[in-house]
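Note sheet for the following structure.
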Amino acid sequence: MAQTPGTGPIDPGIVEDHGGISVIRGGGKSRSWNGIQYLQGMSAKNVGSTGLSINVATVPPGGIAYAHIHQGFEVMLFILQGKVKHTFGENLEKEVVNQAGDFIYIKPGVPHEVFNIGEEELVVFVARSTADEWDKIVNYPSRYRPAEGS
């Protein structure tokens with residue numbers, strides 16, 4: 001299956017290394033992947049982590065993070081702001097709606113598509129059990145994903 005490339009560089013120069021504790025003040029520059037805006041966050045690419053990455057993701061009202069699968073890693077989310085619908089499972093036939101204050105756990109290999117169904121930006125804290133962020137995420141068929149080249 002194809003992967004959706006991310007945009008925006010990681011800037012390791014903004015990481016403060018305090019000899020055992022690393023800090024990024026203000027979250028770093030914005031990057032994007034699959035219709036989602038991310039703060040730079042932390043991963044193997046900028047702090048040398050080996051089994052974890054984190055970001056804060058933002059999806060505009062009406063926005064969609066097209067269907068995808070996390071291959072071999074877990075994801076936990078905390079909804080900071082907004083309302084989200086996940087369609088998931090085989091053929092994306094199941095559905096769950098969450099809002100600010102909810103935690104979500106996504107098992108490895110579960111196809112899912114993310115919809116901001118609220119009237120404000122969806123803001124989510126994202127933790128992954130892999131240090132490489134988006135490298136192990138593959139596309140899953142979606143009727144909403146634009147055709148390649150359009």
Side-chain angles (χ1 to χ4, degrees), residues 1-88 95-140 142 144-146 148 150:
M1 287 192 195
Q3 290 184 281
T4 299
T7 61
I10 295 257
D11 181 2
I14 67 167
V15 176
E16 297 174 13
D17 183 352
H18 295 275
I21 294 180
S22 296
V23 175
I24 297 176
R25 302 206 186 260
K29 292 182 181 176
S30 182
R31 303 162 53 226
S32 68
W33 173 82
N34 197 24
I36 305 172
Q37 288 296 120
Y38 287 93
L39 294 177
Q40 178 166 303
M42 292 182 159
S43 69
K45 296 172 183 169
N46 60 1
V47 297
S49 60
T50 60
L52 180 68
S53 63
I54 63 169
N55 292 95
V56 173
T58 304
V59 180
I64 302 171
Y66 303 114
H68 58 280
I69 297 171
H70 306 148
Q71 289 189 320
F73 68 95
E74 301 167 298
V75 172
M76 289 186 177
L77 310 170
F78 179 71
I79 309 303
L80 295 163
Q81 173 182 298
K83 191 171 183 181
V84 61
K85 175 177 78 173
H86 281 88
T87 57
F88 65 99
E95 178 180 306
V96 64
V97 174
N98 295 97
Q99 61 188 4
D102 291 350
F103 285 94
I104 301 168
Y105 169 68
I106 302 172
K107 291 181 180 181
V110 173
H112 59 285
E113 193 157 49
V114 182
F115 301 84
N116 179 349
I117 60 171
E119 296 188 15
E120 61 185 339
E121 281 189 329
L122 174 65
V123 181
V124 181
F125 177 82
V126 181
R128 299 175 198 82
S129 66
T130 184
D132 53 20
E133 298 184 313
W134 309 318
D135 298 347
K136 297 176 187 166
I137 300 176
V138 295
N139 294 343
Y140 187 82
S142 168
Y144 301 101
R145 181 180 283 111
E148 289 197 29
S150 36

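The shortest side-chain heavy-atom distance between Asp135 and Lys45 falls under the 4.5 Å cut-off. The shortest side-chain heavy-atom distance between Arg31 and Ile10 falls under the 4.5 Å cut-off. Side chains of Val126 and Ile36 form no contact here, defined as non-hydrogen atoms less than 4.5 Å apart.
Here the shortest heavy-atom pairing between Ser22 and Met42 reads O-CE, 3.4 Å. Contact record, Arg128 with Leu52: O-CD1, 3.1 Å, taken as the closest heavy-atom pair. Considering every non-hydrogen atom in both Gly35 and Val59, the closest pair reads O-CG1, 4.5 Å. Nearest heavy atoms, Ala131 versus Gly51: CB-N, 3.8 Å. Residues Phe125 and Leu80 share a closest heavy-atom pair of N-CD1, 4.1 Å. The shortest non-hydrogen separation linking Ser43 to Ser49 is C-OG, 3.1 Å.
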Does the pair Met76 and Phe78 meet the rule for a side-chain contact (heavy atoms from CB on, under 4.5 Å), with working shown? CA-CA 7 Å; Met76 289 186 177; Phe78 179 71; over 6 Å; no

Go through the steps to decide whether Glu113 and Tyr66 satisfy the test side-chain contact (heavy atoms from CB on, under 4.5 Å), and finish with yes or no. CA-CA 5 Å; Glu113 193 157 49; Tyr66 303 114; 4.0 Å; yes

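Between the side chain of Asp102 and the backbone N or O of Leu77 there is no donor-acceptor pair closer than 3.5 Å. The backbone N or O of Thr130 lies less than 3.5 Å from a partner atom in the side chain of Ser53, making a donor-acceptor pair. Remark: the backbone N or O of Pro60 is paired with a side-chain donor or acceptor of Asn116 at under 3.5 angstrom. Without hydrogens or angle criteria, Asn55 side chain to Tyr38 main chain gives no donor-acceptor distance under 3.5 Å. His86 places no side-chain N or O within 3.5 Å of a backbone atom of Val84 that could act as its donor or acceptor partner. A donor-acceptor pair under 3.5 Å is formed between the side chain of Ser129 and the backbone N or O of Glu74. A donor-acceptor contact shorter than 3.5 Å links the side chain of Arg145 to the backbone of Tyr140.
Residue-environment remark: NZ (Lys83) stays at or below the threshold of 12 foreign heavy atoms within 6.0 Å. A 6.0 Å sphere centred on CD of Glu119 holds no more than 12 heavy atoms belonging to other residues, nucleotides or ligands.
Ser30 and Gln37 are linked by a side-chain donor-acceptor pair at a separation below 3.5 angstrom, with hydrogens and angles left out of the test.
The distance from the CG atom of Asn98 to the CD1 atom of Ile104 is 3.5 Å, given to the nearest 0.5 Å. Atoms CG and CD1, from Leu39 and Ile24 in turn, are 9.5 Å apart once rounded to the nearest 0.5 Å. Taken to the nearest 0.5 Å, the CZ atom of Phe73 stands 4.0 Å off from the CD1 atom of Ile137. The CD1 atom of Ile64 sits 6.5 Å away from atom OG of Ser142, with the distance rounded to the nearest 0.5 Å.
Aromatic ring orientation, His70 versus His68: tilted (interplanar angle from 30° to 60°).
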